[in-house]
Asker: 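Okay, here's the structure, questions in a sec.
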Amino acid sequence: MMTTGSATGDALVVRPATRLRGRPGLPGDKSISHRALLLALLAEGESRITAAGDGDDVRSTAGVVAALGATVERVGERGGRVDYRVVSPGGDALQQPAAVLHCGNSGTTTRLLAGLLAGRPLAATLDGDASLRRRPMGRVTEPLTAMGASFAGPAGATLLPLEVRGRARLSPIAWTTPVPSAQVKSAILLAALAADGETSVTEGVTTRDHTERMLRARGVAVPEETLADGRHTVSLAGPAALNAVAETVPADPSAAAFWLVAGAIHPDAELLLDGVSTNPTRRAIIDILRRMGADIEEHDVPGTGGPDGEPLADLVVRSSELRSVDLSPAEVAAAIDEIPVLALAATVATGTTRIRGAGELRHKESDRIAGIADGLTALGARVRVTGDDIEIDGGRRLAGAVTETHDDHRLAMTFAIAGLIAEGETIVRRPGSAAISYPGFFAELQGVRA
Ligand code: S3P
């Protein structure tokens with residue numbers, strides 16, 4: 001494996017590995033790391049966050065938390081993870097930011113921050129990179145406007161750069177999310193902390209529940225209810241203040257997904273993955289791969305001291321004979337960040353895989369439906385896209401080719417994993433975006449083939 005070319009137009013060359021062994025180091029969960037920093041900003045006093053993700057997205061959140069008046073110190077670094085000490089004046093004493101709040105490539109930073117700021121008497125401008133400026137923000141500005149915050153920005157405040165004008169007291173709302181989105185749910189819950197009365201969010205598919213767990217761990221009641229029609233509601237009675245806590249971040253299952261697929265599709269593989277979150281709202285990738293025939297062992301480990309009760313497991317994945325799978329829109333929502341690498345698994349599984357209702361993938365860091373289809377097709381896969389559905393004929397022998405990442409971290413890592421089994425050389429163009437969520441990824445890729 002080597003890197004060629006200039007820093008801006010660089011490419012990674014990946015050759016097939018004869019065997020895969022080892023214990024790749026994993027980043028701290030990105031979703032939990034963002035939330036731990038933002039909740040530390042709202043909690044007066046000292047919070048400790050151990051083993052957080054150290055990718056560019058989490059760094060963007062750390063930057064905005066500091067810009068809003070908290071002291072954010074990096075007090076330790078191990079295995080590509082970072083420990084933070086955050087001391088905050090608390091949510092009622094946030095500082096008016098002196099400059100634009102840069103969210104980089106991070107949709108989670110932007111949308112959760114919009115919710116947090118909605119209920120604070122400040123004016124702030126949120127901006128991001130070219131990818132983030134294309135991503136839809138109306139899904140948060142609409143409910144937050146209904147609660148009393150004001151937004152200004154392009155296309156009716158549905159795109160960055162976005163000016164947020166918050167209010168010390170918001171009105172509670174009962175909101176039903178039109179598309180499953182943990183970011184939207186979380187933005188509304190963060191605003192609900194400053195609302196007079198009970199706010200509720202109802203979703204058709206239960207999305208990741210880290211915000212609810214982490215608010216509870218900080219002393220805020222967040223009751224939940226499954227309705228007769230199967231929909232799920234969470235609620236929060238404001239105004240409410242948070243306690244500062246110390247917590248340890250589990251390993252990111254969305255990062256572990258690359259190794260789960262690598263191990264399952266490679267003919268001579270055994271990989272160990274330590275301390276991965278197996279939260280029911282995040283573990284769909286494990287269950288879907290098992291349904292495809294993947295040999296994945298799961299050994300539960302007691303929590304590492306986090307107050308929010310995230311279940312953890314050590315995972316072992318070995319070479320497997322995979323078969324195709326049919327994924328419903330609800331399963332796609334549950335594995336939304338893992339669909340690119342699952343699509344790679346589908347190319348070698350027997351039979352035709354159907355991934356139905358994947359439209360949300362068009363609104364991620366890139367249009368991931370197009371990116372997956374183009375990259376896997378270049379590698380010799382048969383991929384058909386019809387509307388929001390993707391069909392992949394399995395049983396293919398992939399052959400190295402040039403793949404385009406569109407500066408999307410999950411596409412860069414998916415095509416690099418493909419290179420471990422594709423014949424010849426796989427060229428991953430502009431792979432640097434992997435650092436968005438997994439800065440150590442390419443070093444680990446080198447390590448497991450040794
Ligand atoms: C995230 C929610 C998901 C996911 C993203 C992280 C979160 O986005 O794709 O990577 O931390 O809440 P949506 O809420 O847009 O589905």
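Index from 1, following the sequence. In listed order, ligands and their atoms are each counted from 1.
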Asker: Would you mind listing each N/O atom of ligand 1 next to any protein N/O under 3.5 Å, plus the distance?
Answerer:
from	atom 1	to	atom 2	distance (Å)
ligand 1	8 (O)	Q183	NE2	3.4
ligand 1	8 (O)	K364	NZ	3.1
ligand 1	9 (O)	D337	OD1	2.7
ligand 1	9 (O)	D337	OD2	3.4
ligand 1	9 (O)	K364	NZ	2.7
ligand 1	10 (O)	D337	OD1	3.3
ligand 1	10 (O)	D337	OD2	2.8
ligand 1	11 (O)	S31	OG	2.7
ligand 1	11 (O)	R35	NH1	2.8
ligand 1	12 (O)	R35	NH2	2.6
ligand 1	14 (O)	S181	OG	2.6
ligand 1	14 (O)	A182	N	3.1
ligand 1	14 (O)	Q183	N	2.9
ligand 1	15 (O)	K364	NZ	3.2
ligand 1	16 (O)	K364	NZ	3.2

Asker: Can you tell whether the side chains of E212 and K185 come within less than 4.0 Å, N to carboxylate O?
Answerer: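 Yes, this pair counts.
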Asker: If you take all heavy atoms of A345 and V261, which pair is closest and at what distance?
Answerer: CB-CG1, 4.0 Å
Asker: Name all residues meeting the side-chain contact (heavy atoms from CB on, under 4.5 Å) criterion together with E44; count only those two or more places apart in sequence or in a different chain, and write none if there are none.
Answerer: none
Asker: Do the side chains of E360 and R139 get close enough for a salt bridge, i.e. N-O under 4.0 angstrom?
Answerer: yes
Asker: Would you give me the side-chain donor-acceptor pairs under 3.5 Å for residues 116-130, sequence neighbours excluded?
Answerer:
from	atom 1	to	atom 2	distance (Å)
R120	NH1	G91	O	3.1
D127	OD1	R133	NE	2.9
D127	OD1	R133	NH2	3.4
D127	OD2	R133	NH2	2.6
D129	OD1	S131	N	3.2
D129	OD1	L132	N	2.9
D129	OD2	N105	ND2	2.9

Asker: Who pairs with R410 by side-chain hydrogen bond (donor to acceptor under 3.5 Å, both in side chains), at least two apart in sequence or on another chain?
Answerer: none
